[in-house]
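Okay, so here's the structure we're looking at.
Every number for a ligand or one of its atoms is a count from 1 in the order of the listing. Note that this is a predicted model, so its numbers are computed, not measured.
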Amino acid sequence: MADVKDRVCIIGGGPAGISAAMYLQKKGYDNYEVYEKLGKVGGKAFSPKLEVNGKTRSYETGAIMGAITYHAVHEVEEFGGVGHDDGPNMRRMYRNKDGKEIFPFEPKKDFSVSKLIKLIKLKKQMKKLVEIMETKYAGYDCYGHRGVAQGKYSGLSKKVDNALELIEGENPNLKDLALPFDQFCKLNGVEEIMRIWLGPYTSFGYGYFDEIPAAYVMKYLDTTTAIEFIAMRLWTWKDGTQSIYEAANKKLLHPAHLRSEVVKVERPPVGEEGKIKVTIKDGSGERVEEFDKLIVTTPLDYFKDYADAREEEKELFSKIIHEKYVDFIAKFGSGRGPTISGYIFDNMVPERLGHAMVYYHRWEDLKANCPSTVYALRNHMGSADVSYDDTIRMMTEDLKTCGFPVEERLYEQETYYCPHVSPKDYADGWYDKLDAMQGKQNTWYAGEIISFGDMEDTCAASKDLIERFF
Ligand SMILES: Cc1cc2nc3c(=O)[nH]c(=O)nc-3n(C[C@H](O)[C@H](O)[C@H](O)COP(=O)(O)OP(=O)(O)OC[C@H]3O[C@@H](n4cnc5c(N)ncnc54)[C@H](O)[C@@H]3O)c2cc1C
C-alpha cells in the first residue's frame with residue numbers, strides 16, 4: 001500500500017537514485033534517504049574539471065550526451081534548474097584501423113560505384129526500418145521490457161508527442177525483439193542499417209550485434225533518437241552530465257548522504273510486517289537505520305553480496321551480464337592531439353576487441369591541445385576477455401596510429417556497463433519475472449537493468465516505478 005509517510009531508503013546516488021528521490025518528492029514523500037558510497041552524486045555521469053591553457057573546464061569520463069528524446073532527464077534538469085543549450089557542439093570524423101580518414105556516408109568523397117550502390121541500399125533499408133518499427137513493431141518505443149517476451153508492451157512512451165504517458169497493448173511481433181540484433185535485421189531485410197547503428201551503439205560500449213537482444217538496441221536507439229544522432233542534434237552540458245544530478249540533489253529535501261555505503265540489508269521474511277534494517281558505513285563507522293521501503297538502484301547482480309537475497313532473487317540476478325567498457329582521458333604533446341572526435345569503424349567488431357573504437361574531443365577552441373577521452377570494450381560473449389592492461393596498451397597504440405601520441409593518461413577507469421540479459425533469457429521472460437518480484441519484502445528494483453544503460457532510460461525507469469508503486 002502506497003503511503004507518503006513511509007520512510008524510503010534509496011541505495012545509490014546515480015541518475016536512477018537521484019531521479020527516484022525527485023519523483024518521490026514530487027509525489028509528496030518527504031521521508032526518504034539516498035545513500036551514495038562515493039563522495040559525489042551522478043554515478044557514471046562523472047565530469048571532472050581539468051585546467052588546460054589556463055582554463056578550468058569539465059571533461060567527460062562517463063555520460064556525455066542526450067537528445068530530444070531525453071524526456072525524463074529533462075524533468076531532472078528542470079527540477080535542478082540546469083539547461084542543455086550551453087554545452088560544446090558534437091563534431092566527428094571517421095577513420096579506418098590504419099588511422100586514415102574515411103568517408104563511409106559521403107558518396108562524393110572517395111567515389112566508387114560499389115560505395116554508391118551500398119549507400120542507396122542503406123537509404124532504402126533505413127526507410128523500411130522506420131516503417132516497420134511504426135507498423136509491424138508498433139509499441140516498441142516505450143521504456144522498459146515488460147511483456148515484450150509475451151508479445152505485449154506496457155511502459156512510458158518515448159514518442160515526442162505523448163512522451164512519458166503510459167501506453168499498453170498487444171503485438172505478437174514484439175517477440176522478435178528478443179533476437180540478437182543482427183538476426184533481427186536479417187529477418188526484416190535491413191542488415192545495412194547496422195552500419196549506422198554501430199557508431200552510437202557498439203562504440204558507446206553497449207556490446208556487439210551478435211550478442212545483444214534487439215530490444216536493447218531499438219528501445220535505446222529508437223528511430224527518432226537514431227536520426228538525431230545521425231544529424232548530430234545532440235545535447236551536451238557545459239559543466240558535464242554530472243552537473244544535472246548535482247543540481248537536482250541540491251533541490252532534494254534530503255540530499256544524498258555521500259561516502260555512505262550500504263553494507264547490509266535485513267528484511268522481514270516474505271509475508272511478515274516489520275522494518276527493513278539497513279547498515280550504512282561512513283567516515284564515522286557503521287550504523288543501522290530502519291525503513292519501510294527499499295529502492296535498489298545499484299547493480300542487482302551484486303545485491304546478494306550485502307543483502308539477505310532470496311533464492312529467486314539470486315537465481316534471477318545471476319543471469320545479468322554486463323559490458324567491460326574501458327576509457328581514459330589522454331593528454332597529448334603540445335599541439336599533437338586530435339582537433340575533432342573520431343570513430344574508428346574497423347575496430348567496432350569482436351575480432352578487434354580491446355582496440356579504441358571512438359575518441360571524444362570536447363572543446364573546439366583548444367584545437368590540438370584538448371585532452372580527449374578514448375573508449376574500448378574488452379569483452380564479447382563467447383570470447384576470452386582482453387586483459388585491462390592489454391586494452392590500455394592497444395588503445396594507446398591506436399591513437400598513435402591516428403597520429404596522436406599519448407603523453408599521459410589523466411584519468412582512467414573500467415565501468416560496470418550496460419547490464420542486460422542474453423537473447424535466451426530475454427525470450428524466457430526475464431523481465432516479467434523481475435516485474436512480478438517488484439514490491440516483495442517491500443523492495444523495488446530500479447537502475448540501468450530495468451530499461452537500458454543510458455541516463456534517459458534509467459531516469460524514466462525511476463519515474464515508471466514511482467508512478468506505479470508509490
Ligand atoms: C564511458 C561512459 C559513457 C556514457 N555515455 C552516455 C551518454 O552519452 N549518454 C547517456 O545517456 N548515458 C551514457 N552513459 C551511461 C550512463 O552514465 C548510465 O546509464 C547511468 O549513469 C546509469 O545510472 P544508474 O543510477 O542506474 O547507475 P550508476 O550511474 O552506476 O550509479 C549507481 C551509483 O550507486 C553507487 N553505489 C553502488 N553500490 C552502492 C552501495 N552499496 N551503497 C551506496 N551506493 C552505492 C555508485 O557509487 C553509483 O554512484 C555512459 C556511461 C559511461 C561509463
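- Evaluated by nearest non-hydrogen atom to atom 8 (O) of ligand 1, the leading choice among M65, E448, E414 is M65.
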Item to complete: Could you walk me through whether E313 and K440 pass side-chain contact (heavy atoms from CB on, under 4.5 Å), step by step?
Response: CA-CA 10 Å; E313 287 178 315; K440 259 195 194 176; over 6 Å; no
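- When the heavy-atom distances from atom 15 (C) of ligand 1 to G453, S462, G66, G13 are ranked, the shortest goes to G453.
- The G43 neighbourhood of ligand 1 comprises atoms 29 (O), 31 (O), 48 (C), 49 (O), with distances under 4.0 Å to a heavy atom of that residue.
- Considering Y360, F328, F332, W363 in turn, F332 is the only one that fulfils the side chain to side chain contact (heavy atoms under 4.5 Å, CB included) rule with S372.
- Counting heavy atoms under 4.0 Å from ligand 1, residue Y416 does not touch it at all.
- Proximity of Y302 to ligand 1, defined as any heavy-atom pair under 4.0 Å, is not found for any part of the residue.
- In summary, the atoms of ligand 1 found under 4.0 Å from a heavy atom of A16, numbered by their order in the structure, are 24 (P), 25 (O), 26 (O).
- Near T61, the atoms of ligand 1 lying under 4.0 angstrom from a non-hydrogen atom of the residue are 1 (C).
- Considering backbone and side-chain N/O of Y417, none are found under 3.5 Å from N/O of ligand 1.
- With respect to the salt-bridge test (charged N to carboxylate O, under 4.0 angstrom), the residues D222 and K159 do not qualify.
- For ligand 1, the atoms sitting less than 4.0 Å from at least one non-hydrogen atom of S260 are 43 (C), numbered in the order shown with element in parentheses.
- A salt bridge links E407 with K331: the closest approach of a Lys/Arg side-chain nitrogen to an acidic carboxylate oxygen falls below 4.0 angstrom.
- Counting heavy atoms only, V262 comes closest to atom 42 (N) of ligand 1 of the residues V34, V262, V278, T458.
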Practice prompt. Might you work through the side-chain hydrogen bond (donor to acceptor under 3.5 Å, both in side chains) test for Y417 and E448, ending with a clear yes or no?
Written response: CA-CA 9 Å; Y417 197 75; E448 297 176 290; over 6 Å; no
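- Protein heavy atom at the shortest distance from atom 44 (N) of ligand 1 is K37 N, 3.1 Å.
- Note that CD1 of I230 is 11.0 Å distant from OG1 of T225, once rounded to the nearest 0.5 Å.
- Close contacts of ligand 1 with D327, meaning ligand atoms under 4.0 Å from a residue heavy atom, involve 1 (C).
- Under a 4.0 angstrom heavy-atom cut-off, Y375 registers as being in contact with ligand 1.
- Residue contacts with ligand 1: E36 is placed with a nitrogen or oxygen under 3.5 Å of a nitrogen or oxygen of the ligand (distance criterion only).
- The residue from I280, T298, L38 that puts a heavy atom closest to atom 39 (C) of ligand 1 is T298.
- If you number the atoms of ligand 1 from 1 as listed, the ones under 4.0 Å from a heavy atom of M455 come out as 10 (C), 11 (O), 12 (N), 19 (O).
- In summary, D389 and R393 do not engage in a salt bridge, as defined by a charged side-chain N under 4.0 Å from a carboxylate O.
- Inclusion of G447 in the set of residues having an N or O under 3.5 Å from an N or O of ligand 1 is not warranted.
- Side-chain atoms of I244 and I18, non-hydrogen and from C-beta on, never get closer than 4.5 Å to each other.
- Checked for salt-bridge contact, E315 and K319 meet the test: a charged N lies under 4.0 Å from a carboxylate O.
- Distances below 4.0 Å separate heavy atoms of Y35 from the following atoms of ligand 1: 43 (C), 44 (N).
- Ion pair E312/K314 not flagged as a salt bridge, since none of the NZ, NE, NH1 or NH2 atoms sits closer than 4.0 Å to an Asp/Glu carboxylate oxygen.
- At least one N or O atom of I64 sits closer than 3.5 Å to an N or O atom of ligand 1.
- Of the protein's heavy atoms, A63 CA, 3.2 Å lies nearest to atom 6 (C) of ligand 1.
- Residue E261 has no nitrogen or oxygen atom sitting less than 3.5 Å from a nitrogen or oxygen atom of ligand 1, judged on distance alone.
- Between E289 and R7 there is a salt bridge, with a side-chain nitrogen of the basic residue lying less than 4.0 Å from a carboxylate oxygen of the acidic one.
- Taking every non-hydrogen atom of Y325 and a distance limit under 4.0 Å, the qualifying atoms of ligand 1 come out as 1 (C).
- Ion pairing between a basic and an acidic side chain is recognised when a charged N comes within 4.0 Å of a carboxylate O; K55 and E51 show no such pairing.
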